[in-house]
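Structure first, commentary second.
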Amino acid sequence: MRLKIHHAHSWDLSPAEARQLQGRLASCVVREDRPGTTRRVAGVDVGFESGGRITRAVVSVMSWPDLAPVEDVLARRATTFPYIPGLLSFRELPAVLEALEQLSSPPDLLLCDGQGIAHPRRLGIAAHLGVLTDLPAIGVGKSRLIGMHEPVPAHRGAWRELRDGDEVIGAVLRTRARVKPVYVSVGHRISLATAIDVVLQAAPRYRLPEPIRRADRLASRQ
DNA sequence: GCGACAG
DNA sequence: ATCTTGTCGC
């Protein structure tokens, strides 16, 4: 598929330029529900190989709401930006966009590894990806970047607001009882309440480690 | 100045 | 992100 990029920009930036750009793109994030018809949901997993020299992105598409596997794609490329907390998207998104272009048909919703607006400048990787693709996007982080929250009860479905001062920037949600909670935040064109519902609905059959395992299978095949 | 810090 | 060791719950 051809990917339409909105608010396109250079990736050859200094850390200072990247931070400045985040401030401008953050104002484009839509924090309310503005979905299209949801038929396919894509899980986006990012990471690296070879001690960081290679950046890897895996996109696993499933049908919605039945969560049947539809299509998996993998992209790898030489890393061109270092990992700096708060600037993850500048290291990972070029590979993600390359992977998305390999899909035979576009997804309707993105579940992206990492934070959405739960970010110092409100533009984590999921929000950045949402703005560039203009697709509804949800950030699902495995650990915290910023924000404070009350303890989360141990049962599945329990959640607490993640706040930065007075602002609610996300939710800390248990997708399974007594398992480490995930950090859910708005990426684009979705409300926090809807994002929580979607993650909870997707989690039972689409466990967060699942895209990683599929990634490893794809990686060993290529 | 010191600690924290998505993946 | 990755690696290792010790502990705990089912």
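Computed from a predicted model, the values in this text were never measured in an experiment. Chain A is the first sequence line, chain B the second, and so forth, proteins listed ahead of strands; every chain is numbered from 1.
- Here the shortest heavy-atom pairing between A/Glu17 and A/Asp12 reads OE1-O, 4.3 Å.
- With a 3.5 Å limit on both pairing distances and Watson-Crick or G-U wobble geometry required, DNA chain B contains no stem of 3 or more pairs.
- Regarding A/His119, its NE2 atom lies at a distance of 8 Å from the C1' atom of B/dA6, rounded to whole Å.
- In this structure, CZ of A/Phe81 is placed 15 Å from P of B/dA6, rounded to the nearest angstrom.
- Pairing analysis of DNA chain C (Watson-Crick: purine N1 to pyrimidine N3 plus N6-O4 or O6-N4; G-U wobble: N1-O2 and O6-N3; both under 3.5 Å) yields no stem of 3 or more pairs.
- Here the rule is side-chain contact (heavy atoms from CB on, under 4.5 Å) with A/Ile138, and of A/Leu111, A/Leu110, A/Thr194 only A/Leu111 fits it.
- Among the atoms of the strands shown, base atoms are found under 4.0 Å from some heavy atom of A/Leu87.
- Considering only heavy atoms from C-beta on, A/Val198 stays 4.5 Å or farther from A/Thr38 through its side chain.
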Output a table of nitrogen or oxygen pairs between the protein and nucleotides 2-7 of chain C separated by less than 3.5 Å.
none

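- Within the nucleic acid shown, A/Gln115 comes within 4.0 Å of at least one base atom, counting heavy atoms only.
- Shown here is A/Met1, whose CE atom has more than 12 heavy atoms of other residues, nucleotides or ligands within 6.0 Å.
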Pair A/Lys142-A/Asp113, salt bridge (Lys or Arg N to Asp or Glu O under 4.0 Å): steps then yes or no:
CA-CA 8 Å; A/Lys142 298 184 287 292; A/Asp113 200 6; 2.7 Å; yes
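- The minimum heavy-atom distance between A/Ser63 and A/Val70, with the atom names listed, is N-CG2, 3.5 Å.
- Interatomic distance, A/Arg91 CZ to A/Ile125 CD1, rounded to the nearest 0.5 Å: 10.5 Å.
- Checking the phosphate oxygens (OP1, OP2) of B/dA6, no side-chain nitrogen or oxygen of A/Ser89 falls inside 4.0 Å.
- Computed from coordinates, the A/Ile84 CD1 to C/dA1 P distance equals 18 Å when rounded to whole Å.
- One atom, CG of A/Asp113, and another, P of B/dA6, lie 12 Å apart when rounded to the nearest Å.
- When only modelled atom types and interatomic distance are considered, A/Asp33 and A/Ser191 share a side-chain donor-acceptor pair under 3.5 Å.
- By the ring pair (Phe, Tyr, Trp, His ring centres under 6.0 Å) test, A/His128 is found to be paired with A/His9, A/Trp11, A/Phe90, residues two or more places apart in sequence or in another chain being considered.
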Test A/Ser60 against A/Asp45 for side chain to side chain contact (heavy atoms under 4.5 Å, CB included), laying out the working first.
CA-CA 8 Å; A/Ser60 300; A/Asp45 179 57; over 6 Å; no
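- If you take CZ of A/Arg121 and P of B/dA6, they are 13 Å apart, rounded to a whole angstrom.
- The residue A/Gly86 sits close to a base: some heavy atom pair falls under 4.0 Å.
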Quick one: do A/Glu167 and A/Arg122 satisfy salt bridge (Lys or Arg N to Asp or Glu O under 4.0 Å)? Show the steps, please.
CA-CA 11 Å; A/Glu167 184 180 0; A/Arg122 307 295 184 261; 2.9 Å; yes
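- Clustering of Ile, Leu, Val, Met, Phe, Trp and Tyr side chains at separations under 4.5 Å places A/Leu145 together with A/Ile146, A/Val152, A/Leu162, A/Ile169, A/Val172, A/Tyr183.
- In this structure, the side chains of A/Val41 and A/Met62 come closer than 4.5 Å at one or more pairs of heavy atoms.
- Distance, A/Gln22 CD to B/dA6 P: 14 Å, rounded to whole Å.
- For the pair A/Tyr183 OH and B/dG7 P, the interatomic distance rounds to 10 Å; values are reported in whole Å.
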Quick one, A/Glu150 with A/Arg160, criterion salt bridge (Lys or Arg N to Asp or Glu O under 4.0 Å). Give me CA distance, side-chain angles, the key distance, then yes/no.
CA-CA 6 Å; A/Glu150 300 295 317; A/Arg160 290 293 180 266; over 6 Å; no
All N/O contacts under 3.5 Å from nucleotides 3-5 of chain B to the protein, with atom names and distances to one decimal?
unit_1	atom_1	unit_2	atom_2	d
B/dC5	OP1	A/Arg144	NH2	2.9

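- With rounding to whole Å, A/Leu129 atom CG is found 15 Å from B/dG7 atom P.
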